[in-house]
Each structure stands twice: as C-alpha cells, then as structure tokens.
Amino acid sequence: MRAVVFDMDGLMFDTERVCVQAWDYAGDKMGIGKAGFMVLKTLGMNAVRTKEMWKREFGEQYDAEALRKYSKEFMTAYYKENTLPVKKGLHVLLEYLKEEGYKMAVASSSRYTEIRENLRDAGVTDFFMAVVGGDRISRSKPEPDIYLKACELLGEKPADCYALEDSRNGLLAAHRAGCIPLMVPDLWEPDEEIQEIIAGKFDDLAQVKDYLVRLGTGGKQ
C-alpha cells in the first residue's frame, strides 16, 4: 500500500457533534424544532445532496438561507470559546504515515475552503499532497468520484490506497472506487453490508496506526 486518503468530519475532527448542536439551534430558531438529527441523515453527503435531504424532510418549512444564517451564528459563537476538536490519534497517525513514506490526501464532502481552514487550524496542512472537497466534484458520496479524484491527484491506483472513513456513504464511495476502506466509527456504527466491505474497524486513529505497524507494509519506495 502506497497512500492513505482521509475523510475529514467525524474522522479527523469531531465536527459532526458540533454540527448536531448547530442544527438543533438553527431548527429552534427556524421554528421547526431541533434538527440535529439531520446530521445522521446526511453523513458523508456534499452540500447539494444535503440540501435535497433537508427539502425531503421539511418540505416548504425548509429555509436554506435561515439554516445557513443560524448555523453560522452558532458556529461563530462556539469557535470563539473552543478550538477545533481534533480526533484522538490524528497527529500520531499522520507522523507515522509521513515517516513510512505514505502519500496522503483528504477527500471530504465539505467545501474545499472549509477543509483548508480546518487543516490549517489543526496544524496538519503540510501532511497532505492533495485535497478534494465536495464542491469540486459532480457526484457526492456514496458515488466513487471523490476518491477516484484523490487517487488521481496522488498518482496512485485506488487498489494501492487505504481510505479512512466514519460514514456509510463515505465507506461505500471508497469501496466503489476500489480503495481499501478502514472505518473509525463516530456517530454511526456499521451495518452488515458495511462490515462486509471494510478491511478493519477501529476505536480511534491511534489504533489505525497500530494496525499498519502490525501489517508491516509501509509505503517507502
């Protein structure tokens, strides 16, 4: 194996739980009630697919502008008091992969600029050769496009790339692209279908590092 492609939200950073709080807040402000449950319904989806899911759930009550406004209001206040929540083992895993010569990329359904901001805030930008955002591809996860693009930018075949994911849509996308999916659950546990396609399931990113050490594969040329 020569490369590792990372999802971001719920995998590298504990941002999905913050989003639950933000959408609860926004839903109350919009008069539709706490809407944090929509995070589970949209895990791994880009902005376009997420908007479709909101329309399907709330119909005419869905107000995209109000959701954006109140979510931003909550997030701004939250990050004035809190730093970006980094997932356990992220830095340990990144350092190991760098030492072993793995190429690394991010393939996240979040917007490209948001990914870049989070990588910068966490101090991990330099580990990644490529970043693909959900706004840079035409089809969202669970379609394979984002992983195919990440592998292309790394110059590697998908079969030579691990994909680290926490969501059903993300794992399906990685599998359909031909990558080797590894799961670190966040808000969702794998069902039978997902258990059949993943090469491993781990409690945190530090365990992923231990797994790769045991395999002894390395990525050095």
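Quick caveat, the model's predicted, so the values are computed rather than measured.
Note that CD of Glu156 and CE of Met129 are 8.0 Å apart. Values are rounded to the nearest 0.5 Å. Separation of atoms NZ (Lys51) and CG (Asn46) is listed at 12.0 Å; rounding is to 0.5 Å. Distance CG/Asp160 to CZ/Arg2: 6.5 Å, rounded to 0.5 Å. Here the CG atom belonging to Asp135 is positioned 9.5 Å from the CD atom belonging to Glu114, to the nearest 0.5 angstrom. We find the CD-CD distance between Glu189 and Gln195 to be 9.0 Å, quoted to the nearest 0.5 Å. Going from atom CD of Glu16 over to atom OG of Ser167 covers 7.0 Å, rounded to the nearest 0.5 Å.
A continuous path of ILVMFWY side-chain contacts below 4.5 Å connects Val131 to Leu93, so both sit in one hydrophobic cluster. Connection of Ile180 to Ile197 is established within a shared hydrophobic cluster, with ILVMFWY side chains joined at heavy-atom distances below 4.5 Å, either directly or through further cluster members. By the rule that hydrophobic residues join a cluster once side-chain heavy atoms approach within less than 4.5 Å of another member, Met53 and Ile137 end up as members of separate clusters. Cluster membership for Val5 and Leu11, using ILVMFWY side-chain heavy atoms within less than 4.5 angstrom, is not shared. Note on Leu164: it clusters hydrophobically with Leu212, by side-chain heavy-atom contacts below 4.5 Å among ILVMFWY residues.
The pair Arg68-Glu65 meets the salt-bridge criterion, since a charged nitrogen lies less than 4.0 angstrom from a carboxylate oxygen. Using a 4.0 Å cut-off between a side-chain N of Lys or Arg and a carboxylate O of Asp or Glu, Arg139 and Asp145 qualify as a salt bridge. Salt bridge annotation for Glu165-Lys141: present, with a cationic side-chain nitrogen under 4.0 angstrom from a carboxylate oxygen. Salt bridge absent: Lys55 and Glu52 never bring a charged side-chain N and a carboxylate O closer than 4.0 Å.
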>> Before you tell me yes or no, could you show the steps for Asp14 and Arg17 under salt bridge (Lys or Arg N to Asp or Glu O under 4.0 Å), namely the whole-Å CA-CA distance, both residues' side-chain angles and the distance that decides it to 0.1 Å?
In response: CA-CA 6 Å; Asp14 200 8; Arg17 285 180 174 79; 3.0 Å; yes

>> As a quick check of understanding, evaluate side-chain contact (heavy atoms from CB on, under 4.5 Å) for Arg168 and Leu43, giving each step before the final call.
In response: CA-CA 8 Å; Arg168 175 185 179 83; Leu43 284 178; over 6 Å; no

>> side-chain contact (heavy atoms from CB on, under 4.5 Å) for Val20 and Leu40? Distances and angles first, verdict last.
In response: CA-CA 9 Å; Val20 169; Leu40 278 173; over 6 Å; no

>> If you apply the rule side-chain contact (heavy atoms from CB on, under 4.5 Å), what do you find for Ile194 with Trp188, and how did you get there?
In response: CA-CA 11 Å; Ile194 296 301; Trp188 179 81; 3.5 Å; yes

>> Show, in sequence, the C-alpha distance, side-chain angles and deciding distance for Phe6 and Phe128, and conclude whether the side-chain contact (heavy atoms from CB on, under 4.5 Å) test is met.
In response: CA-CA 9 Å; Phe6 287 71; Phe128 298 100; 3.7 Å; yes

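Minimum heavy-atom separation, Ala3 to Leu154: CB-CD1, 3.9 Å. Taking each heavy atom of Pro185 and Lys201 in turn, the nearest pair found is CG-CE, 3.6 Å. Pairing each heavy atom of Pro158 with each of Ala177, the nearest pair is CB-O, 3.2 Å. Contact detail for Asp24 and Gly36: the closest heavy-atom pair is OD1-N, 2.7 Å. Nearest heavy-atom pair across Arg49 and Ser140 is CG-CB, 3.4 Å. What you find for Ala35 and Phe58 is that their closest heavy atoms are CB-CZ, 4.2 Å.
Residue Asn82 qualifies as enclosed at atom CG: its count of foreign heavy atoms under 6.0 Å is above 12.
Counting heavy atoms from C-beta on, the side chains of Tyr79 and Val18 come closer than 4.5 Å. For the pair Trp23 and Ser71, the minimum side-chain heavy-atom distance is below 4.5 Å. At least one side-chain heavy atom of Val106 sits less than 4.5 Å from a side-chain heavy atom of Leu119. Between Asp166 and Met183, every side-chain heavy-atom pair lies at or beyond the 4.5 Å cut-off. With contacts defined as side-chain heavy-atom distances shorter than 4.5 Å, the pair Asn118/Met8 qualifies. The shortest side-chain heavy-atom distance between His175 and Ile198 does not fall under the 4.5 Å cut-off. Considering only heavy atoms from C-beta on, Lys87 stays 4.5 Å or farther from Met12 through its side chain. Within the 4.5 Å cutoff, the side chain of Ser108 has heavy atoms near those of the Asp7 side chain.
When the salt bridge (Lys or Arg N to Asp or Glu O under 4.0 Å) test is applied to Lys88, the partners found at least two apart in sequence or on another chain are Asp204.
No donor-acceptor pair closer than 3.5 Å links the side chain of Thr42 to the backbone N or O of Thr50. Here the side chain of Glu100 pairs no donor or acceptor atom with the backbone of Tyr96 at under 3.5 angstrom. Looking at Ser110, its side chain never comes within 3.5 Å of a backbone N or O of Ile115 through a donor-acceptor pair.
Ring planes of Phe74 and Tyr25: tilted class, angle from 30 to 60°. Ring planes of Tyr162 and Tyr102: tilted class, angle from 30 to 60°.
Cation-pi contact between Lys98 and Phe127: present, with separation from the ring centre below 6.0 Å and deviation from the ring axis of at most 45°.
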